Student: 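Dropping the structure in here first, questions after.
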Amino acid sequence: MAKLPADETPSPSSSSQQEFVVEEYAQASLQQGKSLSQVHKELSGKVREVRQDLYSLINKRYEDFLALNTSLSGIDTTIKDVRPLLTALSDEIKQTHEDFATKLEYIDSRLAYRSAIREKKQMLRLFIDLSQLLDRVESVLREAEFLAAMPEGSLDYIKCLERAAVDLGQIRYFVSKGSSYPFVQMATDKMRGIERTLHQLLEAFLCDQIDHYLGEQLPDTTALIACCLRTYSTLEENERAEEIMRSQLVKPFMLEILVDKGTQSHHSGAGKGMGMDPKTFEAIVNRILEFVGNVAVPLTGAIQNELSSPAYQRLDTRVFWHEISASIMSVLPLVFVPGIPDRFHKNYLTACFLMDEFSRLFEPYAFNIQTNGTSDGMQTFDSECFAEFSRKWQLSAYFSICKTHIFSILEDRGQQNALPKDNDKHYTNSYSSALGIVSRSSSPLSTAGRATPVLSDGQGIGNSDVHAPSSKLEIERINQLKQQYSLRTDWAARSIWAVRHCWSPEIYLKPLAANFWHLTLQIISWYEKTTDDRIAQLVKGNAALGANSAIESQEIDELLDHIHDIYVLKRQSTVYVRATISNQIEDSREAKFAYYASPNAADLDDTTLADNVENLEAETVKRFEPLEKAISYALEHMGTTIVSASCNSLGSQIRRATSQFRHTNREPPTTPSPFVSKLFVPLKNIEAQILTLQKTAIRDGSDMDTITNTGTDEFTDCTRTKLRMEACAGISQELAKACGEALATISKTEASLQRLRKTRVYAGDAATGAQQRQNQSGSDENRIVPAGVDLRGKIPSSDNDKIRRQIWLDIMETGRIIADYGVRAHSDFIDLVDIVAPLGTTI
């Protein structure tokens with residue numbers, strides 16, 4: 001083989017010496033965006049470089065390349081000689097593998113046999129242990145029957161039953177493991193008989209000890225009850241023990257107090273489904289709390305001291321509250337019905353009191369359960385145990401009845417929508433507390449220093465004789481509010497009553513905080529709509545009257561009354577929201593127990609409420625914005641009416657005032673015309689009405705608070721300022737127009753007379769006269785003050801100058817009066833003052 005040509009040998013520095021990596025090249029080509037033809041061209045060049053490298057290597061090691069062919073000679077012969085040896089070795093390996101497989105199979109069979117022997121041995125041991133346990137349990141039960149006949153053998157008796165329970169647990173385990181064997185099946189029947197016997201003995205003993213505990217609460221009795229419960233826990237039958245305690249300890253007591261009281265409540269109700277008498281329910285709650293404090297709490301504490309296991313740490317809810325709430329719900333369904341809202345309200349508060357005091361009495365024994373890494377047993381206790389009982393209360397129906405009644409009073413629909421009331425009772429409590437006039441205690445029930453809280457008749461949660469008032473009595477309360485806050489309209493008084501009624505202690509319930517807040521906004525919106533419509537109606541009716549009749553009409557008085565009440569009601573509502581409603585809503589959000597967030601109530605997590613308590617006042621103010629526009633509209637109309645009444649005969653009055661200087665040779669004027677001060681008489685009369693209304697409000701509501709005073713003062717200041725601005729601007733504009741026209745008329749008259757004189761002077765020369773008339777036309781006759789007139793520092797002598805001086809005095813006096821009112825005159829009037837400046841005098 002010849003060597004390759006020397007010119008085809010690549011140089012050592014060729015790029016082909018570098019290693020070519022396909023992946024890196026493909027990635028680089030993709031990133032550079034090369035076309036397929038470019039890639040093909042580059043790869044072709046790479047192939048040529050590789051081929052040159054191969055040729056170079058062959059040339060460099062040419063002898064090694066030739067030796068490749070000669071070094072493989074004789075390989076076939078070597079392979080033929082080795083093949084038999086390798087075949088024989090393979091056969092030996094296969095034989096050895098088969099021998100080992102046979103031996104392993106034998107070993108597995110022996111191991112399986114040994115496992116079967118062990119299993120049979122274990123099952124035999126199970127049969128022996130099961131038989132011994134059955135015999136031992138029967139022996140223990142016979143010993144227990146013997147001890148039962150002994151007077152002082154109660155402790156030994158329950159210990160025997162506890163040992164039997166422990167053995168029975170082992171028997172159950174053995175039976176579960178060998179349930180497929182006939183012997184175990186026979187033992188199962190025997191085990192069930194033992195279970196029945198043990199259950200009967202345990203239940204009978206527990207019932208006897210409960211009876212003994214109810215008769216006399218001795219430490220030995222509570223210890224025996226704890227032993228019974230521990231025995232049930234050993235049998236993993238805690239629920240059975242709790243059911244026995246409910247049926248033997250709590251249920252008889254509940255039936256004793258509920259059946260008789262429940263029957264009485266049916267006969268004392270105002271009608272079917274009208275609710276339960278609050279006094280009766282309070283008496284039941286008193287008995288329940290007495291039972292809990294004297295029986296349930298000591299027993300629960302003793303059991304928890306005896307038992308370290310958490311199995312019976314919830315006896316307070318699983319036994320006592322479970323049976324108490326279930327008995328109330330089944331025997332006294334009318335207590336949850338809001339047929340008579342006042343009864344429902346009092347009964348609900350009584351139930352809340354029951355739950356509060358129940359949890360408080362058991363609080364020292366509340367079991368701390370880990371919740372989210374924190375120890376807070378009471379929170380876990382409170383969040384669940386009262387939920388079912390709370391859902392039973394028909395809060396939505398109660399709220400609907402209250403809302404209907406409140407709007408019936410607002411809209412004065414009379415007795416047809418009045419709340420149902422108990423004909424045998426009277427509304428005897430002071431209604432001032434319901435209206436928020438008198439402060440009330442934050443806690444209606446005082447339990448300080450009492451181990452078992454009790455509700456006394458006529459005390460506690462309000463007055464038990466309090467029932468829903470009739471519409472007549474509520475109207476009397478509204479009239480009291482109207483006088484106390486010096487309100488002028490019934491609508492405002494009704495609205496204040498309705499808002500305070502929603503949040504009064506006789507109506508408000510914490511779960512309904514969101515509902516009553518939305519109702520409060522609806523009440524304000526109702527007042528806004530009715531008042532806005534009434535203001536529009538009054539303005540329309542007043543506008544149809546003549547100027548003098550309109551300013552003296554009753555519509556103006558009623559408009560002022562509505563404007564005054566809007567200011568007072570807005571101030572009262574915003575302050576009441578800030579001081580009372582916000583606090584009550586915040587209390588509802590932070591309420592401790594589940595019954596404060598009953599599913600029947602509105603969700604207090606509503607973003608419009610729960611996260612925006614601080615914005616409640618702003619939301620209230622927003623509801624009054626349409627009324628602020630109505631006030632502006634009414635005051636604009638009143639200002640227009642004042643201007644119409646004041647300037648009705650302004651032109652004739654100016655002519656009358658100026659005509660006295662025409663051809664009368666009177667002295668020049670030095671004082672304004674009498675009619676100027678009369679221009680502002682209608683405004684003064686309206687202001688007098690406003691001040692009288694303010695004084696009347698302060699006198700009639702002599703005991704009214706600072707809030708009402710602030711609202712009345714705001715009404716006085718804002719109304720007077722707005723009326724002054726409207727009236728003074730209108731009067732000054734009308735006066736500027738009338739005075740401007742009068743001065744222009746004088747200028748035109750003078751210009752006409754001058755043209756007439758000059759026409760006579762140049763009568764002989766027609767061309768000169770025509771030219772003179774053309775020069776004079778359009779000059780002084782169209783100016784309010786002619787260019788040559790300047791009366792400053794002078795005493796007017798001509799009639800026209802006297803008239804101009806009188807008009808100037810009238811304009812200046814008008815400007816002074818407007819300045820005294822503290823408002824700005826119309827721009828036309830201000831311009832006129834500048835124009836008539838030459839007519840003034842410093843004398």
Side-chain angles (χ1 to χ4, degrees), residues 265-266 268-282 285 332-353 390-411 413-431 433-436 440 444 460-475 477-478 494 497-520 522-523 584 588 595-596 598 600-602:
S265 67
H266 280 284
S268 63
K272 184 178 180 180
M274 297 303 284
M276 182 178 181
D277 179 35
K279 278 190 174 181
T280 303
F281 190 57
E282 286 181 6
V285 169
L332 302 177
L334 289 182
V335 76
F336 305 97
V337 178
I340 300 179
D342 181 70
R343 286 187 170 190
F344 178 87
H345 182 272
K346 291 180 62 59
N347 289 336
Y348 182 79
L349 292 182
T350 303
C352 293
F353 174 77
S390 300
R391 284 192 291 267
K392 193 73 175 177
W393 294 89
Q394 300 178 21
L395 294 176
S396 297
Y398 167 78
F399 175 76
S400 298
I401 294 174
C402 292
K403 179 179 178 180
T404 302
H405 173 65
I406 288 173
F407 270 96
S408 71
I409 301 300
L410 276 178
E411 298 170 0
R413 295 200 294 261
Q415 293 282 350
Q416 65 271 22
N417 289 319
L419 285 171
K421 66 187 185 73
D422 192 345
N423 294 327
D424 298 332
K425 307 294 180 182
H426 299 283
Y427 193 72
T428 59
N429 73 324
S430 174
Y431 204 69
S433 61
L435 299 174
R440 61 185 179 88
I461 306 174
N463 188 337
S464 59
D465 289 335
V466 176
H467 290 269
S470 65
S471 295
K472 181 178 179 181
L473 289 174
E474 285 168 334
I475 294 301
R477 310 311 174 207
I478 292 172
R494 286 195 179 107
W497 168 85
V499 171
R500 281 158 173 72
H501 191 65
C502 290
W503 302 93
S504 66
E506 285 77 14
I507 297 295
Y508 172 70
L509 294 176
K510 285 188 177 181
L512 297 173
N515 303 60
F516 279 114
W517 168 243
H518 293 305
L519 178 58
T520 299
Q522 292 176 9
I523 292 170
Q584 296 205 36
S588 299
Y595 54 83
Y596 286 150
S598 171
N600 290 328

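Quick note: numbers below take in every heavy atom, side chains included, and nothing from hydrogens, waters or symmetry partners. All residue numbers in this chain count up from 1 along the given sequence. Because the structure is predicted, anything quoted here is derived from the model rather than measured.
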Student: In chain order, what residues pass the ring-ring contact (aromatic ring centres under 6.0 Å, His included) check against Phe344, with sequence neighbours excluded?
Tutor: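 Counting only residues at least two positions away or on another chain, Phe344 forms a ring-ring contact (aromatic ring centres under 6.0 Å, His included) with Trp393, Tyr398.
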Student: Answer yes or no: is there a side-chain heavy-atom contact under 4.5 Å between His405 and Cys402?
Tutor: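 Side chain of His405 against side chain of Cys402, heavy atoms only: no contact under 4.5 Å found.
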Student: With the side chain counted from C-beta on, respond yes when Trp497 and Ile523 share a heavy-atom pair under 4.5 Å apart, and no when they do not.
Tutor: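 The answer is no, as the side chains (C-beta and beyond) never meet within the 4.5 Å cut-off.
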Student: Does His501 reach the side chain of Arg477, with side-chain heavy atoms less than 4.5 Å apart?
Tutor: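 No. Closest side-chain heavy atoms not under 4.5 Å.
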Student: Is Asn347 reaching over with its side chain to a backbone N or O of Phe281, donor-acceptor style, under 3.5 angstrom?
Tutor: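 Between the backbone of Phe281 and the side chain of Asn347 there is no qualifying donor-acceptor contact (under 3.5 Å).
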Student: Counting only N and O atoms by type, is there a donor-acceptor contact under 3.5 Å from the side chain of Arg494 to the main-chain atoms of Ile409?
Tutor: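 Between the backbone of Ile409 and the side chain of Arg494 there is a qualifying donor-acceptor contact (under 3.5 Å).
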Student: When rounded to the nearest 0.5 angstrom, what distance separates CD in Glu282 from CG in Leu349?
Tutor: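 Rounded to the nearest 0.5 Å, the CD-CG separation comes to 10.0 Å.
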Student: What's the spacing between Ser390 OG and Phe336 CZ if we round to 0.5 Å?
Tutor: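 So the gap between those two atoms works out to 9.5 Å.
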Student: Distance check, rounded to the nearest 0.5 Å: Asp342 atom CG versus His345 atom NE2?
Tutor: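 One finds 8.0 Å between CG of Asp342 and NE2 of His345.
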Student: Would you check if Thr350 and Pro278 make a side-chain contact, meaning some heavy-atom pair closer than 4.5 Å?
Tutor: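 No; the side chains remain at least 4.5 Å from each other.
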Student: Please report the interatomic distance SG(Cys502) to CZ(Phe399), rounded to the nearest 0.5 Å.
Tutor: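 Answer rounded to 0.5 Å: 7.0 Å.
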Student: How long is the span from the CG atom in Leu332 to the NZ atom in Lys392, to the nearest 0.5 Å?
Tutor: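 Rounded to the nearest 0.5 Å, the CG-NZ separation comes out at 11.5 Å.
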Student: At what distance, to the nearest 0.5 angstrom, does CG of Asn515 lie from CG of Leu395?
Tutor: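 Spacing of CG (Asn515) from CG (Leu395) equals 8.5 Å.
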Student: Would you check if Ile406 and Lys403 make a side-chain contact, meaning some heavy-atom pair closer than 4.5 Å?
Tutor: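 Of all side-chain heavy-atom pairs linking Lys403 with Ile406, none is under 4.5 Å.
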